[in-house]
Amino acid sequence: MSISSSLNAGVSGLSANSTRLATIADNIANSGTYGYKRMTTEFDSLVVGASNKAGTYSAGGVTATTTRLIGENGPIVSTSNSMDLAVSGRGFLPVAETVDMNNLTNDSLRMTSTGAFYTDADGALRTESGLVLLGWPANADGTISTQARDTITGLEPVVINANQTAGDPTTTMNLGVNLPATSADGTGNGDAEALSVEYFGNLGTSETLDISFTPSPTAPNTWTMVIRDSATADNTATAADESILGEYTLVFDNTTQNGGTLASVTALGSSPAYDASTGALSLDVAEGLQTISMTIGKIGDTNGLTQLSDSFSPTSITKDGSPVGNLASIEIDENGFIKATYDTGFIRTVYQVPLVDVSNQNGLISLDSQTFKVSSTSGSFYLWDAGDGPTGTVAGYSRESSTVDVAEELTNLIQTQRAYSSNAKVIQTVDQMYEETTNIKR
């Protein structure tokens with residue numbers, strides 16, 4: 001009978017609106033939850049029978065389908081913690097639960113769009129809810145090895161040791177020195193000049209390059225430059241000879257156009273060759289364990305070695321490297337590289353955090369603490385470099401707010417309440433009609 005189908009339709013309406021009320025309640029409760037993705041409820045009609053005779057109709061009712069809109073992004077808000085992370089755009093941060101951090105498999109992968117990460121007692125970056133941040137560890141030189149993108153095999157928990165130290169060996173040096181033209185007049189009366197330049201070794205030790213400039217006693221505007229390394233020198237004459245890294249004849253221009261600049265550089269003996277295209281010498285220091293590129297200037301360059309006037313003056317000596325320093329802070333850049341800054345000013349890349357993406361974000365399985373995992377409907381995951389492909393960027397000092405609009409949810413709440421009351425009224429009316437039908441026999 002149509003009257004009984006009306007009762008069933010009313011019951012299905014109560015059930016559907018109860019489901020919608022539950023999603024609204026969840027959304028409102030999590031309106032202040034960072035990274036929360038709102039739920040929606042869609043209603044679909046049910047039809048009883050392929051066709052109906054004229055004048056009769058059987059109500060099919062309604063069914064409710066819920067969907068979490070994981071692909072939506074909430075507003076990004078600023079914080080004061082450098083490792084408060086949020087994804088600006090598409091993609092998720094790779095995380096794992098604490099119980100899985102020592103035995104990671106693809107099934108261990110969890111995804112979140114934001115998180116407040118702090119180091120625990122073991123130095124691992126984790127949230128208060130126990131989610132550990134995953135990343136690819138950097139090599140000693142700060143580079144990231146090629147990694148597989150369809151598996152988390154290469155990912156490791158990001159561990160920051162607050163007591164770690166690091167040194168930054170010197171690799172480049174720029175030598176800007178002026179030699180006195182009056183000393184190189186070819187009479188043999190000029191004085192030799194000496195210069196010491198500090199550099200930092202592979203083990204953070206402080207060493208020096210001792211550089212001497214001796215004017216030629218016969219050829220004007222000509223000097224002999226000898227470079228010695230303190231890391232291989234001692235008090236013996238033999239060791240002093242072995243400490244010589246290079247010996248060069250320098251000839252300076254005395255023309256109107258290029259007066260005072262280098263005219264030629266000639267390497268003597270087995271000294272490293274002078275690269276005229278870059279103006280640099282490649283010096284193997286510390287008994288060949290370290291290489292420093294020392295730039296003395298190109299031919300005709302006014303920024304390297306010069307010969308002018310009557311004074312010896314180091315005008316500009318710059319180098320990279322630093323002594324051993326203690327960890328001062330860690331930050332992450334928009335491409336997901338975690339960089340450690342030391343109190344000496346040295347900055348080194350220690351990890352890269354990729355972004356996880358799937359074909360159907362709304363098909364992911366929702367878990368506690370605003371995390372998600374791969375499902376058969378989401379498609380397989382892929383690890384992207386942040387900012388590449390379809391993915392967005394990583395923002396430090398940031399959290400992603402909830403995607404819930406409270407005003408919209410309150411409007412939906414009123415609509416749901418009215419719809420629920422109306423369906424209850426249908427059931428009440430059907431009950432009264434049944435009662436009327438029963439009274440006919442009396």
Side-chain angles (χ1 to χ4, degrees), residues 6-46 59-77 79 84-93 95 97 110-116 127-131 356 358 360-378 398-431:
S6 301
L7 179 63
N8 293 332
V11 172
S12 69
L14 290 181
S15 176
N17 282 280
S18 295
T19 300
R20 191 184 191 198
L21 180 63
T23 62
I24 293 172
D26 211 13
N27 288 344
I28 294 176
N30 286 281
S31 60
T33 303
Y34 288 121
Y36 177 79
K37 308 295 185 177
R38 69 186 181 95
M39 292 287 297
T40 61
T41 302
E42 297 290 338
F43 291 164
D44 294 296
S45 63
L46 297 175
V62 65
T63 183
T65 303
T66 60
T67 304
R68 189 175 297 278
L69 302 180
I70 302 173
E72 285 190 357
N73 295 316
I76 303 296
V77 296
T79 67
D84 281 356
L85 307 183
V87 178
S88 179
R90 186 182 178 97
F92 301 91
L93 300 169
V95 294
E97 297 178 358
R110 301 291 181 267
M111 293 169 267
T112 185
S113 60
T114 188
T127 65
E128 290 295 332
S129 58
L131 299 175
V356 191
V358 294
N360 176 22
Q361 293 184 342
N362 292 340
L364 292 169
I365 298 173
S366 299
L367 302 174
D368 291 341
S369 303
Q370 303 82 255
T371 59
F372 312 97
K373 68 179 296 185
V374 173
S375 72
S376 58
T377 57
S378 69
S398 302
R399 298 296 304 275
E400 181 191 3
S401 300
S402 171
T403 59
V404 173
D405 183 341
V406 175
E408 179 183 356
E409 296 301 327
L410 291 176
T411 301
N412 294 336
L413 182 63
I414 294 173
Q415 294 174 343
T416 303
Q417 181 185 21
R418 296 298 185 190
Y420 189 92
S421 298
S422 299
N423 280 282
K425 187 66 175 178
V426 169
I427 295 175
Q428 182 183 19
T429 301
V430 171
D431 179 60

S12 side chain to V62 main-chain N or O, any donor-acceptor pair under 3.5 Å?
yes
With a sphere of 6.0 Å drawn around OH of Y34, does it hold more than 12 non-hydrogen atoms of other residues, nucleotides or ligands?
no
Show the nearest heavy-atom pair for residues G91 and Q361, with the distance to one decimal.
N-NE2, 3.8 Å
Heavy-atom donor-acceptor pair, T114 side chain to L85 backbone, under 3.5 Å:
yes
Under the 3.5 angstrom rule, does the side chain of N423 hit a backbone N or O of A419 as a donor-acceptor pair?
yes
Does the side-chain contact (heavy atoms from CB on, under 4.5 Å) test come out yes or no for I70 and S366, once each step is laid out?
CA-CA 9 Å; I70 302 173; S366 299; 4.1 Å; yes
Would you sort out whether F43 and N17 count as a side-chain contact (heavy atoms from CB on, under 4.5 Å), showing the intermediate values?
CA-CA 9 Å; F43 291 164; N17 282 280; 3.9 Å; yes
N/O donor-acceptor pair under 3.5 Å between T429 side chain and K425 backbone
yes
Are S129 and T127 close enough that a side-chain donor and a side-chain acceptor fall under 3.5 Å?
yes
Could you point out which residue of T66, T41, T40 forms a side-chain contact (heavy atoms from CB on, under 4.5 Å) with R20?
T41
Pair L93, V87 - check side-chain contact (heavy atoms from CB on, under 4.5 Å), show working.
CA-CA 7 Å; L93 300 169; V87 178; 3.9 Å; yes
For atom CG of D368, is the number of surrounding heavy atoms from other residues, nucleotides or ligands below 6.0 Å larger than 12?
no
Let me confirm one number: the OH-OG1 distance from Y36 to T403, rounded to the nearest 0.5 Å.
7.5 Å
Do any pairs count as a salt bridge (charged side-chain N to carboxylate O under 4.0 Å, His left out) and have a residue in residues 400-420, sequence neighbours left out, and if so which ones?
K37-E400
Could you grab the distance from atom CD1 of I24 to atom OG1 of T411, nearest 0.5 Å is fine?
9.5 Å
Evaluate the side-chain contact (heavy atoms from CB on, under 4.5 Å) criterion for residues I365 and F372: first the C-alpha distance (whole Å), next the side-chain angles of each, then the deciding distance (0.1 Å), finally the verdict.
CA-CA 5 Å; I365 298 173; F372 312 97; over 6 Å; no
Is a side-chain N or O of S401 found less than 3.5 angstrom from the main chain of G74, in a donor-acceptor match?
no
If you take all heavy atoms of S402 and S31, which pair is closest and at what distance?
CB-O, 3.4 Å
Given 3.5 Å as the limit, does a donor-acceptor pair link the side chain of T416 with the main chain of L21, or not?
no
Donor-acceptor check, side chain of N360 to backbone of T377, threshold 3.5 angstrom: yes or no?
yes
Euclidean distance, R110 CZ relative to L131 CG, rounded to 0.5 Å
9.5 Å
Do the side chains of I28 and L410 get nearer than 4.5 Å, heavy atoms only?
yes
Ignoring hydrogens and geometry, is there a side-chain-to-backbone donor-acceptor pair from E72 to R38 under 3.5 Å?
no
Output yes when a side-chain donor or acceptor of S375 lies under 3.5 Å from a complementary backbone atom of G363, and no otherwise.
yes
Does G71 offer a backbone N or O that forms a donor-acceptor pair with the side chain of N362 under 3.5 Å?
yes
